[in-house]
Amino acid sequence: MYTLYYLPDACSLATLTVLLELDQQVTLINKTGINNFREINPVGSVPVLVDGEKTLVEGAAILLQLLQQKPNQLFPQDEDAQQQATQNIMFANATMHPAYGRLFFIAQNLPEGDARNAAFSAAAGAINQLWQFVETQLQDKNFLGGDLVSAADIMLTVYSRWGEHFPVEIETGPRTVAMLTSVLGRPTFQRALTMEAEG
Ligand SMILES: N[C@@H](CCC(=O)N[C@@H](CS)C(=O)NCC(=O)O)C(=O)O
């Protein structure tokens with residue numbers, strides 16, 4: 001049984017969805033209800049996954065740990081495919097997630113006005129370039145790894161929900177929209193949303 005510290009609709013939603021895809025039992029703790037969260041993760045971020053005596057942090061590292069425990073459909077066994085799947089997870093976590101992170105930073109730190117609007121516009125442009133890259137990757141397949149959904153697809157689907165909270169136009173191509181719609185419709189993703197809402 002795992003314990004997952006989360007924030008609703010944050011990147012920890014991908015961790016939860018992957019846990020459900022792997023048929024794991026998990027208890028949720030909303031970070032906002034914890035006074036001393038930095039004693040659990042000094043960096044202050046979710047996800048944090050507690051596995052018995054171990055406290056795991058950093059979303060990509062947590063996912064790779066979970067995916068490598070035993071064979072599963074989210075993570076291929078073939079060496080080349082596995083390398084590509086790892087690369088896709090890192091693209092999502094270390095490239096797309098920080099690109100969206102700029103939107104949160106601008107909203108929290110820049111006063112209303114031209115500079116804020118220009119910063120939003122530049123951040124959206126960078127995000128749209130990354131979605132264009134995803135669209136190119138999906139030209140010959142339904143998901144980043146091929147026919148089967150992967151952890152990276154789930155991560156990207158979580159991030160794709162963030163743009164609507166900001167005054168930006170986020171553009172995703174038709175194949176990307178199909179991938180995101182498919183992941184969003186998975187019972188695990190819907191169950192994860194319900195679990196977060198119930199707390
Ligand atoms: N590199 C970290 C970044 C995680 C991160 O930025 N998490 C955000 C939510 S998506 C967070 O916890 N922010 C702190 C907060 O909102 O209080 C990881 O991948 O785990």
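When a ligand or atom number is given, it counts from 1 through the structure's own listing order. The residues of the chain are indexed from 1 along the displayed sequence.
Looking only at heavy atoms of the protein, atom 6 (O) of ligand 1 is closest to H97 CE1, 3.4 Å. Shortest contact from atom 14 (C) of ligand 1 to any protein heavy atom: K31 NZ, 3.6 Å. The protein atom (non-hydrogen) at minimum distance from atom 10 (S) of ligand 1 is C11 SG, 2.9 Å.
Residues T17 and T157 have side chains not in contact (no heavy-atom distance under 4.5 Å, counting atoms from C-beta outward).
Under a cut-off of 6.0 angstrom, the local environment of CD in Q69 is crowded, with over 12 non-hydrogen atoms contributed by other residues, nucleotides or ligands. In the displayed structure, Q139 atom CD is contacted under 6.0 Å by more than 12 heavy atoms of other residues, nucleotides or ligands.
Of all the atoms in ligand 1, the ones that sit under 4.0 Å from a non-hydrogen atom of P47 are 20 (O). Of all atoms in ligand 1, listed by their number and element, those nearer than 4.0 Å to a heavy atom of A10 are 9 (C), 10 (S).
Contacts between L7 and ligand 1 below 4.0 angstrom, taking non-hydrogen atoms only, involve the side chain exclusively. Under 4.0 Å from ligand 1, not a single heavy atom of V43 appears.
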Given side-chain contact (heavy atoms from CB on, under 4.5 Å), test E171 with W131 step by step and report yes or no. CA-CA 7 Å; E171 291 152 14; W131 282 121; over 6 Å; no
Which is it for I154 and T188 under the side-chain contact (heavy atoms from CB on, under 4.5 Å) test, yes or no, and what are the steps along the way? CA-CA 10 Å; I154 293 169; T188 51; 5.7 Å; no
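An N or O contact shorter than 3.5 Å links N93 to ligand 1 by distance. For the pair V46 and ligand 1, the shortest N or O to N or O distance falls below 3.5 Å. Some N or O of E58 is nearer than 3.5 Å to an N or O of ligand 1, by distance alone.
Between Y100 and W162, the ring planes lie perpendicular to each other; the angle is over 60°, past the 30° to 60° tilted range.
In this structure, atom 20 (O) of ligand 1 is in close contact with the protein, since a protein heavy atom lies within 4.0 Å of it.
There is a side-chain donor-acceptor pair under 3.5 Å between Q84 and N88.
Cluster membership check: V46 does not share its hydrophobic cluster with L49, using side-chain heavy-atom separations under 4.5 Å among Ile, Leu, Val, Met, Phe, Trp and Tyr.
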